[in-house]
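Okay, so here's the structure we're looking at.
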Amino acid sequence: MKYWWLQKYKNLEMKMLPSLFLDVQYFIVVPKNYIKIYQKLKDIKVELLTESEMCILLYGVSVTKTVKNNILGKIIERLLLVPDASLPISDYSLLEMIEEIRSLKTRRATIDKIDSNNVAACDSCLNVFYVDQIQSVNQKGQCLCPFCFKNRLYFDNECIPMNYSFLFHSRLFFSTSNLGCNYQKLQKLLKKSVKILEYYPTMDLKEPLFSVDFTKHLERLQTEKIISLDEPRLIKGFYDYFLEIEEQGSYEGVLTFSWKGNQNLFQISYLLILTCAFVLENFFYLKKIYLIIDNKQLRIQLKKVLQCFIEA
């Protein structure tokens, strides 16, 4: 399902609302004029809303904290039925992915290409969807995303990876954060702020903040191949860890975990460095990240990925 992260809110209770609102504001990107759209939507029956309208309504509720008539439960129930249109994880190397990302500006989704494509992806809101949902075009003939109204769409027949991590990386590459950080500044931050160290038993560290469920998820991936749905789950898991550090107003964050074997080393390294890049770009307090890893091969892979990000 496309909105897998809403599954835990299926039987929504009042005490779950703060967590839901945080997740909504992490996963959903809305157009700048969403308030005007939200005002028009909030009195319409949920059954009559499109997918993009439900996302705007859900985001609006999460910001205004105005909940009535079990509207959240109805939206969640409908969104959980939306199928996932994302494509499989790319087998590109990191350098190949960066090269593809650089070329995206010249490969925009224009109206004349719609009939020869099935799927579109947006690296602004990270949505992947069928092209029949596209309803708006700008003056240059570029298709606009039905979710965030940006002209940041790419079509499947362009042979561009459309998995979550590729789109996430592309958004980092082309966007400027709320703190005014662009990709070049981000590269300097990564070089200065991320340290990959070897774990040894006598290290004086805070306990890792992974939840039990997330640790189990990591354990599964030590023996099983990472699939498309694992990517957003892992990035969100890493992000939640750093968010807890940020909310404490801490300047430094330490992440430690154990890894057995040599399965998924590149994928885990790539997703972890992507998350580090995102939090360094967007968090106000957290400016130093220590990755303490007990697996030598994983440390080597992490250093390679980090260097590639810095030099790209």
Side-chain angles (χ1 to χ4, degrees), residues 89 91-98 165 168-169 172 181 183 185-227 230-283 285-312:
I89 292 175
D91 59 358
Y92 286 30
S93 71
L94 180 51
L95 286 175
E96 288 172 332
M97 282 191 278
I98 292 173
S165 61
F168 196 98
H169 193 168
L172 284 175
C181 183
Y183 200 77
K185 291 180 181 177
L186 180 58
Q187 289 175 303
K188 293 178 181 178
L189 277 176
L190 284 169
K191 183 177 182 179
K192 178 181 178 182
S193 304
V194 178
K195 306 299 178 186
I196 299 164
L197 304 174
E198 179 181 359
Y199 173 81
Y200 52 91
T202 57
M203 292 184 86
D204 182 20
L205 297 172
K206 299 176 182 178
E207 291 186 11
L209 298 178
F210 288 129
S211 68
V212 174
D213 290 340
F214 189 62
T215 303
K216 286 181 179 178
H217 194 61
L218 277 175
E219 287 174 354
R220 176 182 72 78
L221 297 178
Q222 296 188 53
T223 56
E224 298 178 21
K225 188 176 180 181
I226 288 179
I227 60 175
D230 290 322
E231 290 192 322
R233 284 176 173 169
L234 283 165
I235 289 177
K236 183 58 164 60
F238 292 136
Y239 171 85
D240 284 346
Y241 168 85
F242 290 122
L243 180 62
E244 187 167 338
I245 299 295
E246 169 75 3
E247 288 176 343
Q248 294 172 4
S250 177
Y251 175 79
E252 296 182 346
V254 178
L255 187 151
T256 71
F257 62 84
S258 178
W259 194 261
K260 300 175 184 176
N262 296 318
Q263 179 81 352
N264 295 319
L265 295 183
F266 169 72
Q267 292 89 340
I268 290 291
S269 300
Y270 180 44
L271 297 175
L272 181 49
I273 298 301
L274 266 180
T275 312
C276 289
F278 181 73
V279 300
L280 287 171
E281 182 189 55
N282 289 280
F283 285 7
Y285 294 110
L286 184 61
K287 297 302 175 190
K288 206 81 172 179
I289 296 174
Y290 296 94
L291 306 178
I292 315 295
I293 314 295
D294 67 349
N295 183 306
K296 181 179 178 180
Q297 295 305 314
L298 182 56
R299 286 199 307 276
I300 291 173
Q301 188 64 68
L302 275 166
K303 289 178 180 178
K304 287 181 179 178
V305 171
L306 178 60
Q307 196 62 33
C308 194
F309 265 78
I310 293 169
E311 295 177 352

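Quick note: residue numbers are just sequence positions, from 1.
- Expressed to the nearest 0.5 Å, how far CG of Leu186 lies from NZ of Lys188 amounts to 11.5 Å.
- Panel note: side chain Ser193, backbone Lys287; a donor-acceptor pair is recorded below 3.5 Å.
- Side-chain contact between Leu255 and Ile245 is absent, with no heavy-atom pair separated by less than 4.5 Å.
- Rounding to the nearest 0.5 Å gives a distance of 8.0 Å between OH of Tyr270 and CD1 of Ile235.
- Between the side chain of Asp294 and the main chain of Trp259, a donor-acceptor pair closer than 3.5 Å is present.
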| task | Evaluate side chain to side chain contact (heavy atoms under 4.5 Å, CB included) for Ser165 paired with Ile89, printing each intermediate quantity in order. | result | CA-CA 8 Å; Ser165 61; Ile89 292 175; 5.7 Å; no
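- For the pair Ile289 and Phe242, the minimum side-chain heavy-atom distance is below 4.5 Å.
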Open item on the list: Before you tell me yes or no, could you show the steps for His169 and Ile98 under side chain to side chain contact (heavy atoms under 4.5 Å, CB included), namely the whole-Å CA-CA distance, both residues' side-chain angles and the distance that decides it to 0.1 Å?
Closed with: CA-CA 8 Å; His169 193 168; Ile98 292 173; 3.7 Å; yes
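- Here the shortest heavy-atom pairing between Cys181 and Glu281 reads O-OE2, 3.4 Å.
- With hydrogens and angles ignored, the 3.5 Å screen pairs no side-chain donor or acceptor of Asp240 with any backbone N or O of Gly237.
- Taken from CD in Glu198 to CG in Leu291, the straight-line distance is 14.0 Å, to the nearest 0.5 Å.
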field: Step-by-step side chain to side chain contact (heavy atoms under 4.5 Å, CB included) determination, Leu280 to Val194
entry: CA-CA 9 Å; Leu280 287 171; Val194 178; 3.8 Å; yes
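- In this structure, Lys288 places its NZ atom where more than 12 heavy-atom neighbours from other residues, nucleotides or ligands lie under 6.0 Å away.
- Taking every heavy atom of both residues into account, Gly261 and Leu265 meet most closely at O-CD2, 4.2 Å.
- Here the closest non-hydrogen pair linking Leu172 and Ala277 is CD1-CB, 3.9 Å.
- Counting heavy atoms from C-beta outward, Glu231 and Phe168 have side chains that stay 4.5 Å or more apart.
- The side-chain heavy atoms of Ile273 and Cys308, taken from C-beta on, include no pair separated by under 4.5 Å.
- Contact annotation: the side chain of Phe238 never approaches that of Val279 to less than 4.5 Å [non-hydrogen atoms, C-beta and beyond].
- Closest approach of Gln263 to Leu221, counting heavy atoms only: CG-O, 3.7 Å.
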Stepwise side chain to side chain contact (heavy atoms under 4.5 Å, CB included) check, Gln267 with Asp230 = CA-CA 10 Å; Gln267 292 89 340; Asp230 290 322; over 6 Å; no
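- Here the CD1-CD distance, from Ile196 to Gln307, works out to 9.5 Å after rounding to the nearest 0.5 Å.
- In plain terms, the two heavy atoms of Lys260 and Asn295 that are nearest each other are C-ND2, 4.2 Å.
- Scanning all heavy atoms of the two residues, the minimum distance from Phe309 to Gln187 falls at O-NE2, 3.0 Å.
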Expected list for residues 297-306: side-chain donor-acceptor pairs under 3.5 angstrom, two or more places apart:
from, atom 1, to, atom 2, distance (Å)
Arg299, NH1, Ile293, O, 2.9

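- Residues meeting the side-chain contact (heavy atoms from CB on, under 4.5 Å) test with Glu246, sequence neighbours left out: Phe283, Phe284, Tyr285, Leu286.
- Contact of the Ile226 side chain with the Leu234 side chain is registered, since non-hydrogen atoms from C-beta on lie closer than 4.5 Å.
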